[in-house]
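All ligand and atom numbering here is 1-based and tracks the order in the structure. Hydrogens, waters and symmetry mates are skipped; everything else that's a heavy atom, side chains included, is used.
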Amino acid sequence: SDYSGEPHRHPSLRINAKEPFNAEPARRDLVASYITPVDLFFKRNHGPIPILDDIDSYCVTIGGGPRRLSLDDIRRLPKYNVTATLQCAGNRRTEMSKSRKVRGVGWDVCALGNATWGGAKLSDVLQLVGVPYHTEITPSGGKHVEFVSVDQCPEEKGGPYKASIPLGQATNPAADVLLSYEMNGEVLKRDHGYPLRAIVPGVIGARSVKWLDRIDIIEEESQGFFMQKDYKMFPPSVDWDNIMWSTRKPQMDYPVQVTVVGYALSGGGRGIERVDISPDGGKSWFEAHRYQKQGVPYVAGNITSDKWAWVLFKAIVDVKGDIEIVAKAVDSSANVQPESVESIWNLRGILNTCWHRVRILATP
Ligand code: MTE
Ligand code: MO
C-alpha cells in the first residue's frame, strides 16, 4: 500500500499505528471541549487515505448504478446539522487487553469524538432515487443499505471498506443518518472522509463509512470483512485471568482536591441520566455535574437534537493518600456500565464499557 500521500496531522495526537494511521487525542485535550476540534478528533483507518481531488466529477452511485449523484445534487437537498458522538468499538481496548490479550490496534480511552456533522439525510437521498421513507422501526431480517468506500484495506486483502445498516434505519428521517460533507462547520477533512461519508448516529463508528463510492440496497447484511469477520462481540471465556488490584499504601493525611472530567454516552440515542463518581474504588458514590451544548459552531441548515452526542461531566474529589477514582454512567433506559472488564471480555477487544478507574498516587 502507498502511504506517500497522507495528510498532515496534529503533533499532539497519540499514534497507535502509523500505517494505516490510527491516532487519538490526549485525555485532557479530549474532555476540554464539548465539540471536539477536527484536528484532535481520533482517526481510525484501515488503509491509506484516498486522494479524491477531482470534486467536480465526484459521484456517489446509488442502488447499483441507475442513479449517480454529484456532490451538488447532495448539497441541494435540505441540510441538517447533527451533533453526534462517534466512538470506535475498539475504544479502551488496551485496558481490556490487560485483563487478557486481545487482537487489534491498541486504544486508550480517547477513540471517540463529538462533532457537528453537516449533510443531507440519507432518507432524503434515498427518497430522491425512489426509495420511500419509513417512520417505524422495521423488524430485523429486512433489506439493508450498504455503504461502499473507495479506500482499499490491506487487512481485507485489497477490498474496499464497506458496512451496512438496516433499510428501516436508513429511510427513517428520525434516525438522523447523514451523508455528511461538513464537520464542525468546515468542509470535511481527508482523514474524516472527504468529500462524503456516512454518519450513523448512535452505533459503533465502523458503520460510518468514509469516502463513499457506492450505496447499495441489498437483501441481507453486508458480507464485507468488517461486518462479518470483525466488530462482532463474543462472550468471554470462563477461563479468564483475575485482575488483582494491588494493595493500598497507608493513607496519608495530605488533603488535595482534583477535578475529575470525562465523557459519558450511550448508543441508540439514549440520553445519560446520571454519572456517578466514587472517590474510593467503588465503595461510595456521588453524582457528577453534567453539561452539554457548549461551543457548538454556528452552521447553516437544520439543527437536530443533541441526543446522539456525549455529555461531559465534572466533579471535585478530595485526595487523601492514594485513591482510585471510578466513574460510571446510567442511561435513560437505566442501563448501567458493567463493573468489571472480565465480564465483557471478548477476543477482539471491542465495546469495553466497564467502569473507568483512575488511580491517583499521593506518594510519588
Ligand atoms: N470508512 C472507511 N472507508 N475506511 C475505514 O477504515 N473506519 C471505520 C469508520 N469508517 C473506516 C471507515 C471505523 S472502524 C471508525 S471507528 C470510524 O470510521 C472512524 O472515523 P474517523 O476516522 O473519522 O474518526
Ligand atoms: Mo472503529
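- Looking at Lys121 and Asp176, a side-chain N of the basic residue comes within less than 4.0 Å of a carboxylate O on the acidic one, giving a salt bridge.
- At a threshold of 4.0 Å, the pair Glu287-Arg290 counts as salt-bridged, since one of the basic side-chain nitrogens sits closer than that to a carboxylate oxygen.
- Aromatic pair His289/Phe313: ring centres not closer than 6.0 Å.
- Under the 4.0 Å criterion applied to side-chain N and carboxylate O atoms, Glu95 and Arg92 are assigned as salt-bridge partners.
- Among residues two or more places apart in sequence or in another chain, the side chain to side chain donor-acceptor pair (under 3.5 Å) test is passed with Lys307 by none.
- Only the side chain of Leu86 comes within 4.0 Å of ligand 1, judged by heavy-atom distances.
- At least one heavy atom of Arg197 sits closer than 4.0 Å to an atom of ligand 1.
- Listed by number with element, the atoms of ligand 1 under 4.0 Å from a non-hydrogen atom of Ser149 are 3 (N).
- Scored by the side chain to side chain donor-acceptor pair (under 3.5 Å) test, His10 finds Ser12 as partners (sequence neighbours excluded).
- Distances below 4.0 Å separate heavy atoms of Lys43 from the following atoms of ligand 1: 22 (O).
- Counting the atoms of ligand 1 from 1 in the order shown, those under 4.0 Å from a heavy atom of Asn45 are 6 (O).
- Atoms of ligand 1 lying under 4.0 Å from at least one heavy atom of Cys88, given by number and element, are 16 (S).
- At a heavy-atom distance under 4.0 Å, no atom of Ala89 approaches ligand 1.
- Residue contacts with ligand 1, taken as heavy atom pairs separated by less than 4.0 Å, involve Tyr161 solely via side-chain atoms from C-beta onward.
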